[in-house]
Amino acid sequence: MPLLLDARDPSAIGQAAQRLAEGSLVGLPTETVYGLGADADNASAVRAIFAAKGRPADHPLIVHLAPGDTPGGWRSAVDHYARDIPAFALRLMEAFWPGPLTLILPRRPDVAAVAAGGQDSVGLRCPSHPVAQALLREAGQRGVRGVAAPSANRFGRVSPTTAAHVADEFAALGDDALLILDGGACPVGIESTIVDASRGHPVLMRPGMITPEQSQAACGQPVRPRDEAAPRASGTLASHYAPTAKVRLMDGKMLQTALDVLGKDARHIAVYARTRLRAGPGVKLQTMPADAAACAHELFAVLRELDATGVRLIWVETPPPLTEWDGVRDRLSRAAA
Ligand code: TXA
Ligand code: MG
C-alpha cells in the first residue's frame with residue numbers, strides 16, 4: 001500500500017518534498033483533482049509516472065509551478081520551461097494563477113522532454129490549493145523547479161478527488177514507491193481548463209470551470225474552439241473518465257419515460273438527475289446539484305460511488321446548455337462515450 005500522510009501533520013510536506021527531490025512519486029491534492037507528481041526535470045522519475053498510470057509515453061503531462069511570490073515561483077519558472085510566450089498568455093497567467101488554468105506554451109528544447117511526451121510544447125499551471133503550494137515551495141528549496149503531475153488515476157479512468165481515491169488507484173504500489181498527501185476533497189472537482197498558447201492565438205483545448213468568456217475577458221482576444229490541428233491531449237480522447245458501469249445521458253423527460261417503461265423490473269440502475277423522478281425500489285436515485293460548481297465538486301466522487309454499488313447502468317440527466325456547465329458536460333459525455 002502507498003504511504004498516506006495527513007497534510008496537516010507538521011512533517012508531511014517536508015517528507016513529500018524530500019521524496020520529489022529524490023526522484024520518487026508523490027500523490028498531491030490540487031484545487032481541481034489529485035495529481036501523481038514527480039520532478040519534471042528528472043526523466044526517470046517522470047517515466048515512473050507513465051509506468052504507474054499505464055499512460056502512453058506520448059501523452060504530455062502538466063508541469064506545476066510554485067506561487068509567484070516565492071523565489072523560483074512561476075514568474076521565473078515559466079522562463080525555465082517555455083519560450084516565446086505571447087502577451088495574451090501572460091495576461092491569462094496574471095488573471096488566473098494561482099488557479100485551475102493550464103497553458104500550453106512553446107517548450108525550451110532542452111527541458112522536460114519526457115514530461116512533455118516529446119511535444120515541442122509544455123503544459124504549465126500554478127495551482128491554488130494550499131497543500132500543493134506548500135509542497136511546491138518546499139520542493140523548490142530542494143532544487144525542484146516544477147512538478148509534472150497528471151491526474152492520479154490509471155489511464156482512462158475517473159480522476160481522483162480524494163486521497164482515498166488515489167490510494168485505491170495505486171494500491172499495488174508500496175509505501176516506498178508512492179507517498180500520498182491527504183489534503184481533503186478537492187474544491188473544484190474537475191480538471192483545469194486548458195488553453196493552447198503555442199500557436200499565436202488562444203485555443204480552448206479542454207473546458208473546465210474557467211469559461212471561454214472569462215478567458216476572453218482576461219486576455220482581450222477571442223478564445224477559439226479546438227480544431228483538428230490541435231495537439232493531442234489524452235483528456236480530450238472521446239472515451240475517457242469511464243466508470244465500469246455504462247453511463248448514458250438523457251434529458252429529464254426521457255429519464256422518466258425510461259424509468260416508467262421498466263417499472264418494477266428496473267434493476268442495477270443508478271440515476272443522477274436534477275429533475276425529481278418517480279422510480280421503483282430497485283433504482284438508486286441520486287440528486288444532481290442545480291449549481292454547476294457544486295456539481296463539478298462532487299461529480300467524480302459520485303461516479304465512483306455509484307460504480308462501487310455494482311450497478312450496470314448510470315443514467316445521468318444532461319447538464320443545462322450554459323457555458324458554466326461546459327466542463328461537467330464534457331466529462332460526462334466522455335464518460336458516456
Ligand atoms: O487539473 C488538472 O489539470 C490536473 C491537476 C493534477 O493539475 N491534471 C490533469 O492532468 O488533468 P492530465 O495529465 O490528466 O491531463 C492533462 C492534459 C492532457 O489531456 C494532456 O494531453 C494535456 O493536458 N497536455 C499537457 N501538456 C500538453 C502539451 N504540451 N500539449 C498538448 N496537450 C498537453
Ligand atoms: Mg487525466
Side-chain angles (χ1 to χ4, degrees), residues 25-38 40 46 49-50 52-65 81-83 89 96-109 111-129 131-133 135-136 146-161 165-166 169 180-181 183 186-199 203-210 226 229-242 296 300 327 330-331 334-335:
L25 301 183
V26 171
L28 67 143
T30 81
E31 68 278 25
T32 57
V33 301
Y34 274 73
L36 182 66
V46 173
I49 299 178
F50 285 97
K53 273 186 71 99
R55 174 157 164 155
D58 61 348
H59 285 235
L61 312 179
I62 295 170
V63 178
H64 297 70
L65 309 177
Y81 292 106
R83 61 190 161 83
F96 297 112
W97 284 4
L101 177 74
T102 296
L103 289 168
I104 310 297
L105 292 160
R107 181 171 58 88
R108 286 197 187 278
V111 294
V114 179
Q119 307 268 354
D120 54 9
S121 58
V122 62
L124 299 179
R125 160 165 129 77
C126 174
S128 64
H129 194 290
V131 172
Q133 293 197 337
L135 176 63
L136 288 161
V147 171
S151 52
N153 52 279
R154 280 169 291 138
F155 186 63
R157 289 176 39 96
V158 178
S159 293
T161 54
H165 295 162
V166 182
E169 289 287 322
I180 303 168
L181 278 179
C186 301
V188 174
I190 61 170
E191 304 85 348
S192 59
T193 301
I194 303 182
V195 172
D196 179 15
S198 69
R199 290 182 293 154
V203 177
L204 180 69
M205 300 286 297
R206 179 172 73 183
M209 292 313 285
I210 294 174
R226 240 180 127 240
R232 168 150 90 178
S234 69
T236 61
L237 293 178
S239 166
H240 214 67
Y241 311 107
F300 290 148
D330 171 79
R331 304 310 186 276
R334 289 177 205 288

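Each ligand, and each atom within it, is numbered from 1 in the order the structure gives.
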Between F155 and H59, does the ring-ring contact (aromatic ring centres under 6.0 Å, His included) criterion hold? Intermediate values first, please. CA-CA 10 Å; F155 186 63; H59 285 235; 5.5 Å; yes
Approximate separation, where rounding is to 0.5 Å, of H64 NE2 and L61 CG: 9.5 Å
For P127 and Q133, which heavy atoms make the closest approach, and how far apart are they? O-NE2, 3.0 Å
Heavy atoms only, cut-off 4.0 Å: how does M205 contact ligand 1, side chain, backbone, both, or neither? neither
For ligand 1, find out whether one of its N or O atoms is nearer than 3.5 Å to an N or O atom of H64. yes
Under 4.0 Å from a heavy atom of V122: give me the atoms of ligand 1 that qualify, with their elements. 29 (N)
Between E31 and R125, does any NZ, NE, NH1 or NH2 come within less than 4.0 Å of an OD or OE carboxylate oxygen? yes
What part of I194 sits under 4.0 Å from ligand 1 if we count only heavy atoms: the side chain, the backbone, both or neither? side chain
Have a look at A112, A115, S151, S121 and point out the one with the heavy atom closest to atom 10 (O) of ligand 1. S151
Does R206 reach the main-chain N or O of S192 with its side chain, forming a donor-acceptor pair under 3.5 Å? yes
Which atoms form the tightest heavy-atom contact between K53 and L36, and what is the distance? CG-CD2, 4.2 Å
Below 3.5 angstrom, do we get any N/O pair linking R55 and ligand 1? yes
N, O or S from N153 under 2.8 Å to the Mg ion (ligand 2): no
Quick look: H59 vs ligand 1, heavy-atom contacts under 4.0 Å, and the answer is neither
Give the atoms of ligand 1, by number and element, whose distance to some non-hydrogen atom of G123 is under 4.0 Å. 26 (N), 29 (N)
Taking NZ, NE, NH1 and NH2 as the nitrogens, is one of them in E191 or R331 under 4.0 Å from a carboxylate oxygen of the other? yes
Donor-acceptor contact below 3.5 Å, side chain S128 vs main chain G99: no
Closest candidate by heavy atom, reference atom 24 (N) of ligand 1, pool S159, G27, P60: P60
N or O pair under 3.5 Å between E191 and ligand 1: no
Does Q119 reach ligand 1 with a nitrogen or oxygen that is under 3.5 Å from one of the ligand's nitrogen or oxygen atoms? no
In short, A197 meets L105 closest at the heavy-atom pair CB-CD2, 3.9 Å
Under 4.0 Å to a heavy atom of S192 - the qualifying atoms of ligand 1, by number: 1 (O), 2 (C), 3 (O)
Which atoms of ligand 1 are found less than 4.0 Å from any heavy atom of R206? 2 (C), 3 (O), 9 (C), 11 (O), 15 (O), 16 (C), 17 (C)
Are any of the N or O atoms of T30 closer than 3.5 Å to those of ligand 1? no
With heavy atoms of L61 as the reference, note each atom of ligand 1 found under 4.0 Å away. 25 (C), 26 (N)
